[in-house]
Amino acid sequence: MARLLEEFGDLSEVNGDNPFKVRAYRNVAATLRELPTSVEEMVRSGAPLTDIKGVGKEIALKLVDMATTGRLRQLDELAEIVPLGLLELRRVKGVGPKLVQALWRERGVTSVAELEEALATGRLAGLAGVGAKKLEAIERALEAYHRHVGRTPLAEIGAIAEPFVARLRAVDGVERVEIAGSYRRRKDTIGDIDLLVVAKTEAAARAVTREFTTYPEVAEVLGSGETRSSARLANGVQVDLRVIEAEALGAALLYFTGSKAHNVALRQLALDKGLHLSEYGLFAEGGSDAAPATPGAAGERVAGRTEEEIYERLGLEWIPPELREDRGEIAAAARHELPRLVTMADVRGDLHVHSTWSDGKATVREMVDACVERGYEYLALTDHSKALAMTGGLDEAKLARQWAELDELMAGRDDITLLRGMEVDILKDGTLDLSDEWLERLDIVLVSVHSHFELSEAEQTARVVKAVSHPQVNVLAHPTGRVLGQRDPYALDLSAVFDACLANGVAVEHNASERLDLSDVDLIAARSRGLTISLGSDAHSVAQLAGMRYGVDQLRRAWVTPGAVLNARPLAELRRFLAKTA
DNA sequence: GCCGTTTTCGGCCCGACTGTTTTCAGTCG
């Protein structure tokens with residue numbers, strides 16, 4: 001439904017409809033993506049759809065329509081008039097709704113391919129507002145369009161952004177360099193990198209801009225001015241640099257960290273209080289009838305140097321960036337009831353670790369030593385079961401041999417506790433890939449799906465529900481099967497699966513690998529049901545143990561407190577959960 | 001199209017950069 005509404009908004013926009021109407025559709029689409037309950041459920045239970053933020057009479061009708069027919073009639077009708085290729089055109093940087101309309105109505109261009117052809121044959125000459133430079137810009141944008149589509153996983157962005165920032169910090173006269181944007185909010189994937197710089201002098205500001213535009217990884221400078229520059233790196237990621245006054249750093253950090261929805265809500269809150277919030281600060285209302293207008297200023301700046309003072313002036317406690325998604329954090333901050341979010345320091349151990357016994361790159365000893373080094377109190381060794389033949393998965397006999405090694409390795413060792421675990425495959429019929437007798441002897445049993453992703457939702461759900469209903473199972477690992485940028489989640493009724501986990505004392509995993517599965521939205525649903533969340537790095541090497549921090553980030557985005565995290569608990573408490581006596 | 005402890009009509013977040021103009025429109029974030 002969100003996708004259909006979004007498409008309807010996009011088509012309306014290139015059709016030239018009222019931009020506020022377009023926004024209304026997009027807002028509802030965004031809200032639906034975050035909605036913990038499904039619209040179908042609301043329709044079934046008779047809950048008023050206008051309770052959903054941004055949904056009025058018209059969109060409510062469309063929701064009901066979509067819930068029953070699976071289609072949006074108005075979208076089909078609009079698609080008859082407006083060529084779908086125009087949506088693709090909009091994704092070329094620099095091509096906005098107006099240009100799309102001009103291209104379509106005045107030149108008959110309705111797709112990226114046709115735009116390229118029109119460029120090559122000089123058919124765009126004479127288009128109002130389009131000169132030689134604009135044509136060049138479109139050509140460059142088309143190259144980028146083909147090279148880079150989509151978002152980059154958080155961990156990859158970190159590897160790119162951090163050395164870049166270090167280089168800018170080294171420029172003489174640079175006071176601060178901060179990464180804002182979705183990277184600071186720790187979103188699972190990142191579209192571009194936003195950098196904020198405070199320079200002591202104008203000369204230093206020019207120097208840092210020069211350093212930015214000449215950075216070796218920069219493939220193309222998209223634009224550069226006194227306060228703002230943009231560049232695209234060789235790998236296609238866009239980086240934006242803003243030079244900020246120290247007095248406005250907090251305001252800029254706030255503004256450029258977003259999210260957009262959070263900012264919009266904050267601005268509205270400011271307006272309600274007779275204030276005006278921009279990236280330059282929080283200002284008192286200026287130019288009213290009573291007060292003489294101050295030349296060149298909207299009013300006195302009442303806050304701006306730090307985020308804390310701006311939030312405080314708005315009557316809010318400081319909101320951690322991970323929460324800034326307009327998911328209720330502003331209301332909670334106003335009540336001073338923001339949750340105490342889980343941190344890396346709360347994590348006492350790793351509950352999903354592989355070794356050379358299956359497809360890991362490091363030995364058990366290396367993994368155990370690395371976990372000691374990380375300060376963990378315990379870890380669970382969870383190699384694959386025999387169904388995953390390509391990983392060298394373990395059958396009962398091999399498991400017995402592994403345990404002999406573990407006994408030897410851990411004898412007399414009291415620096416860490418090693419839990420005997422396994423990541424047991426959920427077979428196609430929902431049975432488990434290890435005998436009951438051996439399941440019972442394990443300290444911790446993870447179960448997960450690694451095959452038959454193509455089953456129908458009903459079959460997949462029944463399969464997973466059956467698996468987690470087995471009395472020996474403790475954790476459902478990577479529940480949705482997604483791999484960022486590579487594989488979409490399989491069809492699954494996550495609500496039904498969560499219910500089964502709750503009923504059976506099974507925790508759901510957040511897999512802190514390139515999966516980041518469950519997603520933040522799924523984690524919110526899990527947390528609000530009272531499920532226990534197990535954090536596992538799914539490390540197949542020592543280096544991958546460090547991925548845990550990205551998992552903690554996602555938990556924080558989902559408002560998860562330490563109490564809900566299985567491996568934030570002391571060993572004795574963890575054991576009680578695993579014994580299902582908790 | 002949505003929304004309302006000022007409003008059922010008139011708003012809807014706001015500023016920088018670019019290019020094409022010569023005071024502004026389009027686009028982006």
Under 4.0 Å, heavy atoms only, any strand: does [X] hit a base, just the sugar-phosphate, or nothing?
X         : value
Leu266(A) : nothing
Arg26(A)  : nothing
Val100(A) : nothing

Distance between C1' atoms of dG15(B) and dC9(B) (Å, rounded):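 Approximately 28 Å lies between the C1' atom of dG15(B) and that of dC9(B).
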Using the P atoms only, state how far dC2(B) lies from dT18(B), rounded to an integer number of Å. 38 Å
Rounded to whole angstrom units, what separation is found between the [atom1] atom of [X] and the [atom2] atom of [N]?
X         : N       : atom1 : atom2 : result
Arg232(A) : dG29(B) : CZ    : C1'   : 15 Å
Asp10(A)  : dT27(B) : CG    : P     : 14 Å
Lys98(A)  : dC28(B) : NZ    : P     : 13 Å
Glu13(A)  : dG26(B) : CD    : P     : 13 Å
Leu89(A)  : dG26(B) : CG    : P     : 17 Å
Lys260(A) : dC13(B) : NZ    : C1'   : 9 Å
Arg91(A)  : dT27(B) : CZ    : C1'   : 17 Å
Leu269(A) : dC13(B) : CG    : P     : 14 Å

Assign a letter to each nucleotide of nucleotides 14-21 of chain B from its 5' end: B, base within under 4.0 Å of a protein heavy atom; S, sugar-phosphate only; -, no contact. BBSSSSS-
Between side-chain atoms of residues 203-210 of chain A and protein atoms elsewhere (two or more places apart, or another chain), which donor-acceptor pairs fall under 3.5 Å?
| unit_1 | atom_1 | unit_2 | atom_2 | d |
| --- | --- | --- | --- | --- |
| Thr209(A) | OG1 | Ala205(A) | O | 3.0 |

Please check: side-chain N/O of [X] versus main-chain N/O of [Y], any donor-acceptor pairing under 3.5 Å?
X         : Y         : value
Arg107(A) : Ala102(A) : no
Lys21(A)  : Ser12(A)  : no
Glu309(A) : Gly304(A) : yes

Result block: side-chain N/O donor-acceptor pairs under 3.5 angstrom for residues 40-52 of chain A, not counting sequence neighbours:
| unit_1 | atom_1 | unit_2 | atom_2 | d |
| --- | --- | --- | --- | --- |
| Ser45(A) | OG | Glu41(A) | O | 3.2 |
| Ser45(A) | OG | Met42(A) | O | 3.3 |

Of the listed nucleotides (dG29(B), dT27(B), dC12(B)), which one gets closest to any side-chain atom of Pro97(A)? dT27(B)
Among dT27(B), dC2(B), dC12(B), which is the nearest nucleotide to the side chain of Phe20(A)? dC12(B)
Who does dT8(B) pair with, Watson-Crick or G-U, both distances under 3.5 Å?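 Across all strands, not a single nucleotide pairs with dT8(B).
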In this structure, are over 12 heavy atoms from other groups packed under 6.0 Å from Glu162(A) atom CD? yes
All N/O donor-acceptor pairs, side-chain side in residues 320-332 of chain A, below 3.5 Å, sequence neighbours left out:
| unit_1 | atom_1 | unit_2 | atom_2 | d |
| --- | --- | --- | --- | --- |
| Glu322(A) | OE2 | Arg556(A) | NE | 2.7 |
| Arg324(A) | NE | Tyr311(A) | OH | 3.1 |
| Arg324(A) | NE | Ile319(A) | O | 2.9 |
| Arg324(A) | NH1 | Glu307(A) | OE2 | 3.0 |
| Arg324(A) | NH2 | Glu307(A) | OE1 | 2.8 |
| Arg324(A) | NH2 | Ile319(A) | O | 2.8 |
| Glu325(A) | OE2 | Arg185(A) | NE | 2.8 |
| Glu325(A) | OE2 | Arg557(A) | NH1 | 2.9 |
| Glu325(A) | OE2 | Arg557(A) | NH2 | 3.1 |
| Asp326(A) | OD2 | Lys53(A) | NZ | 2.8 |
| Arg327(A) | NE | Glu34(A) | OE1 | 2.3 |
| Arg327(A) | NH2 | Glu34(A) | OE1 | 2.9 |
| Arg327(A) | NH2 | Glu34(A) | OE2 | 3.1 |
| Arg327(A) | NH2 | Asp520(A) | OD2 | 3.3 |
| Glu329(A) | OE1 | Asp326(A) | N | 3.2 |
| Glu329(A) | OE1 | Arg327(A) | N | 2.6 |
| Glu329(A) | OE2 | His262(A) | ND1 | 2.7 |
| Glu329(A) | OE2 | Glu325(A) | N | 3.1 |
| Glu329(A) | OE2 | Asp326(A) | N | 2.6 |

Filtered N/O pairs between nucleotides 3-7 of chain B and protein, under 3.5 Å:
| unit_1 | atom_1 | unit_2 | atom_2 | d |
| --- | --- | --- | --- | --- |
| dC3(B) | OP1 | Gly54(A) | N | 3.2 |

Give the table of side-chain donor-acceptor pairs shorter than 3.5 Å for residues 112-121 of chain A, with sequence neighbours excluded, one pair per line with atom names and distance.
| unit_1 | atom_1 | unit_2 | atom_2 | d |
| --- | --- | --- | --- | --- |
| Glu114(A) | OE1 | Thr110(A) | N | 2.7 |
| Glu114(A) | OE1 | Thr110(A) | OG1 | 2.9 |
| Glu114(A) | OE2 | Thr110(A) | OG1 | 3.3 |
| Glu116(A) | OE2 | His146(A) | NE2 | 2.7 |
| Thr121(A) | OG1 | Glu117(A) | O | 3.0 |
| Thr121(A) | OG1 | Ala118(A) | O | 3.4 |

Please check the phosphate of dG29(B) (OP1 and OP2 only) for any side-chain N or O of Gln238(A) closer than 4.0 Å. yes
Residue closer to the 5' end of DNA chain B, Val28(A) versus Val95(A) (nearest nucleotide):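 By nearest-heavy-atom nucleotide position, the 5'-most residue is Val28(A).
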Determine, using ring centers only, whether Phe164(A) and Phe212(A) are less than 6.0 Å apart. yes
Going by atom types only, do Gln238(A) and Asp240(A) share a side-chain donor-acceptor pair under 3.5 Å?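 Yes, because at least one side-chain N or O of Gln238(A) sits under 3.5 Å from a partner of the opposite role on Asp240(A).
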Would you kindly check whether a donor in the side chain of Asn18(A) faces an acceptor in the base of dG1(B), or vice versa, at under 3.5 angstrom?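 Checked by distance alone, the answer is yes.
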